[in-house]
Amino acid sequence: MKLGYVTINRGIGCTANSNFRLASYSEEKLKNTVKNNLDCLFKILKFNVKNDIFFFRISSNTVPFASHPICKFNWVDHFRGQFQEIGEFIKEHDIRISMHPDQFIVINSLKKAVVDKSIKDLIYHANVLDTMGLDNTAKIQIHVGGVYNNKKEAVDRFCRVYKTLDKSIKKRLVIENDERSYNIKDCLDINKILGIPIIFDTLHHQYNNNKESQREAILRAKETWKDQDGLLMIDYSSQEIGEKKGKHITSIDLNLFKKFLKDIIGIDLDIMLEIKDKEKSALKAVKLLKELAYI
DNA sequence: AGTTGTCAAGCTAGT
DNA sequence: ACTAGCTTGACAACT
């Protein structure tokens, strides 16, 4: 079992997800930003290893505008050395890596332009992981997409587009249950057709499910991960009390987390904390996992 | 120096 | 037909 957090380390004094406005785009600016992002990413990973955190989500913003038409710069070649150095560190310390393209990446959209842009962005994500030299266990997680008043056709479109994707994407792409449209059962139906692994999100499952228990859902999701995919990944969060539905909690509630650990007894998986105070909660969770001899 | 509005991009639900 | 919310940070323009 590994435990991790998302993209940002608030205490470390640098950011690995800096970007800038499209209007101020220049090759110089891009180079500076990417260099700083990668420097910071390396720092964060070193911090993590020191603190027994071996799972991390790399920002989609590592190379801003990488998939935008404005970017003609060959960032892969230019930053290959730096990517490889970080990749070596990741492999040396057996760090699990994920990436999560944001909500605009929709491969089952009705609009061809949206699908095309989404595929370009997936290529970018795969490029980052490939340039680091990471294997198939480094994953890119997306949601299935929109429903468009016809889930069957929307799923069909997802499958059709998926089949056309480059191998470098397919070997890494996993789908996540979302809080509105596609729950675990929907994802399992797609898995049956495509064999694509399913990443389980605890909070989304609370809001969108087919009455199956969390443990049952996690066990089903786990079956979709083959040896080459590595351990099942899950996103763990809980609801901020008194806030709007879906809003992630500020800092980890260790009692709830203990309950969760009870629920997954005997199931080995990697846990990504989606919690706002980032490494702070991760450190608390790691401490608990050590006390309970999980890690 | 601190505050506030805005940012490349999509979908859904509610008015 | 239109907009707020998702979830959220950080840039950039403004006090």
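Lettering follows sequence order; numbering is per chain, from 1.
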- [ ] Name all pairs fulfilling the salt bridge (Lys or Arg N to Asp or Glu O under 4.0 Å) condition that reach into residues 156-168 of chain A, sequence neighbours left out, sorted by first residue then second.
- [x]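 Those involving residues 156-168 of chain A are A/Lys152-A/Asp156.
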Task: Contact list for residues 92-103 of chain A, test salt bridge (Lys or Arg N to Asp or Glu O under 4.0 Å), sequence neighbours left out - done: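 For residues 92-103 of chain A: A/Lys2-A/Asp94, A/Arg96-A/Asp270.
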Starting at atom [atom1] of [X], determine the distance to atom [atom2] of [N], rounded to an integer number of angstrom.
X        : N      : atom1 : atom2 : result
A/Glu274 : C/dC6  : CD    : P     : 15 Å
A/Ile70  : B/dC7  : CD1   : P     : 15 Å
A/Lys276 : C/dT8  : NZ    : C1'   : 9 Å
A/Lys278 : C/dA10 : NZ    : C1'   : 13 Å

Can you tell me, in whole Å, how much space there is between the [atom1] of [N] and that of [M]?
N      : M      : atom1 : result
C/dA4  : B/dT6  : P     : 12 Å
C/dA10 : B/dC11 : P     : 26 Å
C/dG9  : B/dG10 : P     : 22 Å
C/dT8  : B/dG2  : P     : 26 Å

Taking distance alone, no hydrogens or angles, what donor-acceptor pairs closer than 3.5 Å link side-chain atoms of residues 284-295 of chain A to residues at least two apart or in another chain?
residue, atom, partner, partner atom, Å
A/Lys284, NZ, A/Ser251, OG, 3.1
A/Lys287, NZ, A/Glu291, OE2, 3.3
A/Lys290, NZ, A/Asp52, OD2, 2.6
A/Tyr294, OH, A/Leu261, O, 3.3

TODO: Look at A/Asn17 and C/dG9 and indicate whether a side-chain polar atom (N or O) is within less than 4.0 Å of OP1 or OP2.
DONE: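 Answer is no, no contact under 4.0 Å.
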Task: Inter- and intrachain pairs under ring-ring contact (aromatic ring centres under 6.0 Å, His included), touching residues 211-233 of chain A, at least two apart - done: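 Sorted result for residues 211-233 of chain A: empty, none.
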Open item on the list: Filter on ring-ring contact (aromatic ring centres under 6.0 Å, His included), then keep only pairs touching residues 133-155 of chain A, sequence neighbours left out; what's left?
Closed with: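 For residues 133-155 of chain A, and leaving out neighbouring residues, the ring-ring contact (aromatic ring centres under 6.0 Å, His included) pairs sorted by first residue read A/His100-A/His143, A/His143-A/His204.
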Task: Pair A/Cys71-A/Tyr25, side chain to side chain contact (heavy atoms under 4.5 Å, CB included): steps then yes or no - done: CA-CA 9 Å; A/Cys71 179; A/Tyr25 181 94; 3.7 Å; yes
Task: For A/Leu38, all residues meeting side-chain contact (heavy atoms from CB on, under 4.5 Å), sequence neighbours excluded - done: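 For A/Leu38 the side-chain contact (heavy atoms from CB on, under 4.5 Å) partners, ignoring immediate neighbours, are A/Val34, A/Leu41, A/Thr62, A/Phe79, A/Gln82, A/Phe83, A/Ile86.
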TODO: Within residues 20-47 of chain A, find the residues that approach DNA chain C with a heavy atom at under 4.0 Å, and present them sorted by residue number.
DONE: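 Result for residues 20-47 of chain A: A/Phe20, A/Arg21, A/Ser24, A/Lys29, sorted by number.
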Any residue meeting salt bridge (charged side-chain N to carboxylate O under 4.0 Å, His left out) with [X], in chain and number order, not counting sequence neighbours:
X        : value
A/Asp235 : A/Arg57
A/Lys112 : A/Asp116
A/Asp263 : none

Task: Ring-face cation contact, A/Phe65 with A/Lys29, 6.0 Å cut, 45° max - done: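 Not flagged: A/Lys29 not positioned over aromatic ring of A/Phe65.
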Open item on the list: As a check on the pairing definition, encode DNA chain C in dot-bracket form, counting Watson-Crick and G-U wobble pairs whose two distances are under 3.5 Å, and using | for partners outside this strand.
Closed with: ||||||..|||||||
Task: Nucleotide-resolved protein contact map, nucleotides 9-15 of chain B, B/S/- at heavy-atom distance under 4.0 Å - done: BBSSS--
TODO: Looking at every strand, decide which applies to A/Ser118 at a 4.0 Å heavy-atom threshold: base, sugar-phosphate, or nothing.
DONE: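 The residue A/Ser118 makes no contact with any strand.
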